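Quick caveat: nothing in here was measured; it's all calculated off a predicted structure. Below, each value reflects all heavy atoms present in this structure, side chains not excepted, and no hydrogens, waters or symmetry copies.
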Amino acid sequence: MSSAFEVLKERGFVSQVTNEEAVAQAFEDEIVTCYIGFDPTGQSLHVGNLVQIMMLAHVQRGGHRPIALVGGGTAMIPDPSGKDALRPQLSTEDIDQNILRIKKQLSSYLDFDGGHEGQAGRAGNEGRASMVNNADWLRTLNYITFLREIGEHFSVNRMLTAEAYRLRMETGLTFLEFNYQILQAYDFLMLFREYGCTMQFGGDDQWGNIVAGVDLIRRKERAAAQAITTPLLTLSDGKKMGKTAEGAVWLDPEMTSPYDFYQFWINVDDRDVEGLLGHFTFLPMEQVRELGALEGEKIRHAKSVLAFETTKITHGEEAASQAERGARSVFGGAQAGAEDVPTVEIDRERLEAGINVVDLFVEAELGKSKSEVRRLIEQGGASVNGERVAAIDRMLGTVDLDDEGVLLLRAGKKRFQRVKTG
RNA sequence: GGGGAGGUUCCAGAGCGGUCAAAUGGGACGGACUGUAAAUCCGUUGGCUCAGCCUUCGCAGGUUCGAAUCCUGCCCUCCCCA
């Protein structure tokens with residue numbers, strides 16, 4: 001049986017390691033407590049966070065103890081990186097609210113049961129995941145104490161030679177940004193002290209910050225903490241993982257429906273399928289390789305496995321089957337399809353009175369504006385019940401309903417919406 | 001604190017008194033071809049009561065028949081000097 005570390009390596013999660021031998025050994029000999037930091041400025045984590053989440057999940061399956069650290073304290077600091085400068089400052093209530101939601105999302109992947117927060121460090125909770133908020137120590141932090149205890153261990157010269165900061169020296173670096181590294185290092189130290197956490201994971205871009213924590217632990221505690229970073233996952237088309245036209249693919253089913261989540265995976269590039277199966281499913285690697293080796297049209301099977309598995313992990317088996325049925329019915333025959341296709345309701349009276357196609361498409365969110373839908377129709381990209389809409393003044397009425405009182409709208413090749421009278 | 005440059009539509013980036021809803025590129029979207037893939041080709045890309053009208057070029061005023069383009073003030077960003 002291979003160790004958790006080997007699993008991570010085999011599945012492509014490992015890019016850089018502080019001390020590979022020591023890490024491998026630790027995963028063999030002991031229950032390792034590992035952590036990853038998550039940012040709670042949003043209401044939901046998204047597919048881009050999934051690499052990290054799955055890493056924790058694999059580690060937990062290997063019998064180790066994952067900690068999801070949310071930056072409730074760091075989130076109070078405004079983001080200095082330009083673009084989001086205008087975003088309203090989040091209140092502590094908002095952040096706490098987000099943290100609650102994030103925990104719920106994470107619990108699809110990690111088993112938090114039994115491990116009460118704050119007590120996870122005690123005996124008897126081996127293998128339980130915990131969620132920790134760095135606000136617990138950051139919000140009450142005393143500046144002078146902090147400088148005296150932590151500040152003395154950081155060399156500005158050294159920090160400035162780091163790749164990440166060297167680049168920022170060109171464009172400007174604020175004191176805030178400069179402090180992120182120190183705070184993140186401090187988080188690691190605190191987790192080491194309170195929870196016996198000796199390992200941190202993160203994306204390759206986090207390497208500098210993570211290593212700073214490893215150093216701090218060595219200096220303060222004379223202990224050897226370790227770190228593993230994951231390669232930044234880029235897709236074959238060069239895009240960042242988890243972004244689509246509509247924006248991020250969220251893990252929260254309210255924000256991205258299981259159907260859309262499923263569709264995201266089924267639409268990935270052929271070339272990425274094997275890697276994604278390794279990262280985002282728990283399927284044995286033999287199977288992953290088999291599926292990845294499929295060629296030509298057959299690779300679609302691999303994609304459907306990928307989509308089903310990932311959706312199952314995130315939203316449960318039932319939601320996954322439903323998304324799969326929906327996809328089949330709609331891409332199979334383009335008939336009104338089963339219940340499982342995304343559906344909107346409309347008052348029967350309105351349909352009886354007759355409703356313009358354009359309006360209905362907008363209402364079904366198949367277009368952001370009427371102009372957009374008109375364009376869609378002019379370009380031949382809209383259809384009702386499988387039939388192309390020829391004119392923008394086409395009226396729809398009850399005659400367009402099938403026996404079950406349903407009609408099917410389609411925008412472009414892939415976007416469907418079932419309209420039901422209510 | 002002093003000096004300089006600049007803030008344009010999703011992004012990058014032209015425009016510098018009317019011919020500007022605003023070049024070009026990227027992205028995105030639609031069509032053709034396919035396998036709900038990639039590549040390629042073609043088209044579209046502010047809104048609407050759509051051959052017309054309305055709202056956009058950091059914000060607020062002003063000049064003008066007319067401003068993204070000129071003037072004034074403010075906000076913000078970047079660079080150089082202190």
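Remark on RNA chain B: of its neighbouring residues Ala382(A) and Gln263(A), the 5'-side contact belongs to Ala382(A), judged by nearest-heavy-atom nucleotide. For the pair Glu372(A) and Gly296(A), both in contact range of RNA chain B, the more 5′-proximal nearest nucleotide belongs to Gly296(A).
Comparing rC71(B) with rC16(B), their P atoms are spaced 15 Å from each other, to the whole Å. Separation of the C1' atoms belonging to rA14(B) and rG4(B) is 23 Å when rounded to the nearest angstrom. Nucleotides rG52(B) and rC20(B) have their P atoms positioned 15 Å apart, rounded to a whole Å. Comparing the P positions of rA22(B) and rC57(B) gives an interatomic distance of 15 Å, to the nearest angstrom. Comparing rU77(B) with rU72(B), their P atoms are spaced 22 Å from each other, to the whole Å. One P atom belongs to rC10(B), the other to rU45(B), and the distance between them is 15 Å to the nearest Å. Distance check on atom C1': rG13(B) versus rU49(B) gives 36 Å, rounded to whole Å. Look at the P atom in both rA5(B) and rU55(B): the space between them is 34 Å, to the nearest Å.
Asp340(A) and Ser329(A) share no donor-acceptor pair across their side chains, judged by distance under 3.5 Å alone. The closest side-chain donor-acceptor pair between Gln206(A) and Gln184(A) falls under 3.5 angstrom.
For His301(A) and rG35(B), the NE2 to C1' distance is 15 Å, given to the nearest whole Å. Atom P of nucleotide rU34(B) and atom CD1 of Ile266(A) are separated by 21 Å, given to the nearest angstrom. Whole-Å rounding puts the Ile299(A) CD1 to rA39(B) P distance at 16 Å. Distance, Trp265(A) CH2 to rU36(B) C1': 16 Å, rounded to whole Å. Separating the CG atom of Leu276(A) from the P atom of rA37(B) is a distance of 16 Å, rounded to the nearest angstrom. Atom CZ of Arg328(A) is separated from atom C1' of rG35(B) by 15 Å (rounded to the nearest Å). Atom P of nucleotide rU55(B) and atom NZ of Lys370(A) are separated by 19 Å, given to the nearest angstrom. Computed from coordinates, the Phe331(A) CZ to rU34(B) P distance equals 18 Å when rounded to whole Å.
Nearest nucleotide to the side chain of Arg375(A), out of rU36(B), rG47(B), rA37(B): rG47(B). The nucleotide whose nearest atom lies closest to any side-chain atom of Lys413(A) is, among rU49(B), rU36(B), rC33(B), rC33(B). Closest to the side chain of Gln379(A), out of rA38(B), rG43(B), rU36(B), is rG43(B). Residue Arg388(A) has its side chain nearest to rA32(B) when only rA32(B), rC29(B), rC48(B) are considered. Nearest nucleotide to the Arg271(A) side chain, out of rA38(B), rU34(B), rG35(B): rA38(B). Out of rU36(B), rG30(B), rC48(B), the shortest distance to the side chain of Leu376(A) is found at rG30(B). For Arg415(A), counting side-chain heavy atoms from C-beta on, the closest listed nucleotide (rG30(B), rC48(B), rG35(B)) is rG30(B).
A close approach under 4.0 Å does occur between a side-chain nitrogen or oxygen of Ser369(A) and OP1 or OP2 of rC48(B). At least one side-chain nitrogen or oxygen of Lys414(A) sits closer than 4.0 Å to the OP1 or OP2 atom of rA37(B).
Note on Glu378(A): nothing from the nucleic acid sits closer than 4.0 angstrom, heavy atoms only. Using a 4.0 Å heavy-atom distance criterion, Ala327(A) is classed as a base contact.
Pair assignment for rG52(B) gives rC48(B), based on Watson-Crick or G-U wobble hydrogen-bonding distances that are each under 3.5 Å. Of the nucleotides present, rA12(B) is the one that pairs with rU24(B) by Watson-Crick or G-U wobble criteria, both distances under 3.5 Å. Of the nucleotides present, rA5(B) is the one that pairs with rU77(B) by Watson-Crick or G-U wobble criteria, both distances under 3.5 Å. Under the Watson-Crick or G-U wobble criterion, with both distances below 3.5 Å, rC70(B) is paired with rG62(B). rU34(B) makes up no base pair with any nucleotide shown, lacking Watson-Crick or G-U wobble contacts both under 3.5 Å.
Taking only distance into account, the side chain of Glu297(A) never meets the base of rU34(B) through a donor-acceptor pair shorter than 3.5 Å.
Taking the six-membered ring where the residue is Trp, Trp265(A) and Phe280(A) present tilted rings, their angle falling between 30° and 60°.
In terms of modelled atom types and a separation under 3.5 Å, the side chain of Asp347(A) and the main chain of Glu349(A) share no donor-acceptor contact. No donor-acceptor distance shorter than 3.5 angstrom exists from the side chain of Thr256(A) to the backbone of Pro253(A), with no hydrogens or angles considered.
The aromatic ring centroids of His58(A) and Phe282(A) lie less than 6.0 Å from each other. Tyr35(A) and Tyr195(A) have their aromatic ring centers separated by at least 6.0 angstrom.
The CZ atom of Arg350(A) sits 11.5 Å away from the CG atom of Leu396(A) when rounded to the nearest 0.5 Å.
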